[in-house]
Student: 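Take a look at this one; I'll ask things after.
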Amino acid sequence: HQILVCAGTGCTSSRSVEIQSALRRELLARGLDGEIAVVHTGCFGFCELGPILVVHPERVFYCQVTPNDVPEIVERHIVQGQTMDRLLYKHPPEGASRNTIDENEFFHPQIRVALRNCGIIDPENINEYIASGGYFGLAKALTAMKPTEVIETITRSGLRGRGGAGFLTGRKWAYTAAVKETVKYVVCNADEGDPGAFMDRSILEGDPHAVLEAMTIAGYAIGAQQGFVYVRAEYPIAVHRLEVAIEQARRAGLLGKNILGTGFSFDIEIRLGAGAFVCGEETALLNSVSGKRGEPRTRPPYPAISGLWGKPTLLNNVETYANIPQIICKGADWYAAMGTSGSKGTKIFSLAGKINNTGLIEVPMGTSLRTIIYGIGGGIPKGKAFKAVQTGGPSGGCLPAEYLDIPIDYDSLMKIGSMMGSGGLIVMDETDCMVDIARFYLEFTQDESCGKCTPCRIGTRRLLEIITRITEGKGTMKDLDLLEELGHDIKEASLCGLGQTAPNPVLSTLRHFRHEYEAHIKEKR
Ligand code: SF4
């Protein structure tokens, strides 16, 4: 037997560390500690029902476990070979025995590429990563592929940047590789800051070696010898596991000088961010890594030409990198066979808000919102009606029920006035006020604006004043035109992505829920 206990941030905050200690104590007391391993893993994804524990080899899935349940689990499951019914998942699909992790509605429809090791391996043990196929992609790239072949494979896979903009990853690599410079850098953007988003955090907590392996492959492909992971200091578990992983990879000869005896050298350092949302913007992030104020600058020049310390720099986010080793191992065609024609592969989404199964999921691009919200997500709590879903965090938009059946990918979301963003999905039910929701996001972006350019600094402030006036019942119909006009001006004239997308929640709610704004205005009369 092996008992896997979730040690992601969610389960850790609901005492999973105590559960692990209680399991080890109980097994020791019964003389079973030599036979049964207790392994702490990254997030399983089903955060709603944490703390989660899975017993192998049967793969029985126990939810909402407490330290007090441990003696009974050991006695009933390990010693007597029975399952503990009261801790099993409560909503099995038709015909399932509901005992195993593979059978329930949350896990069954998912395809896990970037999350493949999360909840499976001990993220602080490099041997478990290697045993699950880890560093095979790096070995293949370094020994059997030319740098151009690596880039060609990534390009043909169709992988697009998972941080939000959706730029073709292989093309970005090719641009950086083409610049003739002896010093180049590879950077990982782990400055995830959208409210309700925890995709990158969970990858770093559950599978940090995947990101290190991918960055090293990228270094080989573009001709860089140094990488940086820019991660926010509010992610202490992720930072700790990254530190452990870097140390282990160096000791194993998988980072540092002469990797695997191939003559290629590459090392990675961590840089901690102080929690400014704007530092997720690439030029602000690069400024922050090099010790300057975290403010965006105009582009061009793009980081591929002039990034860190003026040198060519390749920047991708955590989820993008987490796909790379698998693409190298299994090939571009394997990856490109998943998803839609314009958006290949899978995408991680964090489910939050008014949804039964809060958590982290990975599905092929093109999956409908209905499958995600009503299938995997288990629908809306207390049988309430669905009203809207916010996709893409503060940069995205609110979509009403009529869009539940569109296949979601980069392009379809743009067409309907929202965006993929990094993958946060926040669900609203019939009791939520869409004007309040728009106001919440605007307050966030207005607060996070770095203040460098006028349209964003002053424009978001004015937008917030107008929308506040409406929520307080002091607005007029003219204010709605003003919101739209000003929103479009801010999008057009702002320097960086933060300002260019800040009005989206207001504009999309005005487009789809204008009657709620009008109701606020009419109510006062
Ligand atoms: Fe700063 Fe906003 Fe201008 Fe971006 S758009 S540079 S966040 S003021």
Side-chain angles (χ1 to χ4, degrees), residues 161 163-167 187 189-197 200 230-234 271-308 310 313 315-317 390 392-397 414 417-422 424 438-468 482-510:
F167 195 76
V187 175
N189 183 349
D191 191 61
E192 181 178 58
D194 306 13
D200 294 347
Y230 186 80
V231 54
R232 48 179 52 218
E234 294 101 318
R271 288 286 184 275
L272 295 184
F277 182 60
V278 74
C279 284
E281 195 278 340
E282 60 180 13
T283 58
L285 185 151
L286 295 176
N287 273 339
S288 183
V289 171
S290 55
K292 298 191 195 123
R293 181 191 284 253
E295 260 181 6
R297 62 161 173 77
T298 45
R299 294 174 304 178
Y302 287 92
I305 309 289
S306 176
L308 268 185
T313 302
L315 192 77
N316 290 122
N317 92 327
Q390 170 82 10
S395 325
M414 288 293 264
S418 183
M419 62 188 282
M420 181 77 81
S422 52
R439 190 187 172 282
F440 165 79
Y441 282 110
L442 194 59
E443 198 171 21
F444 176 84
T445 38
Q446 189 269 325
D447 197 39
E448 293 289 344
S449 165
C450 79
K452 183 171 179 174
C453 66
T454 316
C456 170
R457 183 183 68 244
I458 299 179
T460 54
R461 181 92 206 161
R462 293 287 96 85
L463 269 187
L464 183 62
E465 284 168 7
I466 301 167
I467 202 167
T468 303
L482 207 51
L483 278 178
E484 255 167 358
E485 193 183 331
L486 186 53
H488 287 298
D489 289 348
I490 295 169
K491 278 170 75 84
E492 287 289 311
S494 290
L495 173 62
C496 85
L498 191 153
Q500 287 159 6
T501 57
N504 284 355
V506 179
L507 295 175
S508 70
T509 46
L510 264 175

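Values below: every heavy atom of this structure, side chains too, minus hydrogens, waters and symmetry copies. Ligands are counted one by one from 1 in listed order, and the atoms in each one are counted from 1 as well.
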Student: For Arg299, which of Ile305, Leu495, Thr283 qualifies under side-chain contact (heavy atoms from CB on, under 4.5 Å)?
Tutor: Thr283

Student: Tell me the protein N, O or S atoms under 2.8 Å from atom 2 (Fe) of ligand 1, in chain and number order.
Tutor: Cys456 SG

Student: If I compare all heavy atoms of Pro296 with all of Glu281, which pair ends up nearest, and what's the gap?
Tutor: CB-OE1, 3.5 Å

Student: With side-chain contact (heavy atoms from CB on, under 4.5 Å) as the test, would you mind laying out the steps for Met419 and Ser395 before giving the verdict?
Tutor: CA-CA 7 Å; Met419 62 188 282; Ser395 325; 3.9 Å; yes

Student: What's the shortest heavy-atom distance between Gly307 and Leu286, and which atoms?
Tutor: CA-CD1, 3.9 Å

Student: Closest approach of Thr313 and Leu308, non-hydrogen atoms and distance?
Tutor: OG1-N, 2.9 Å

Student: Using a distance-only test with no angle check, is there a side-chain donor-acceptor pair under 3.5 angstrom linking Ser422 and Asn317?
Tutor: no

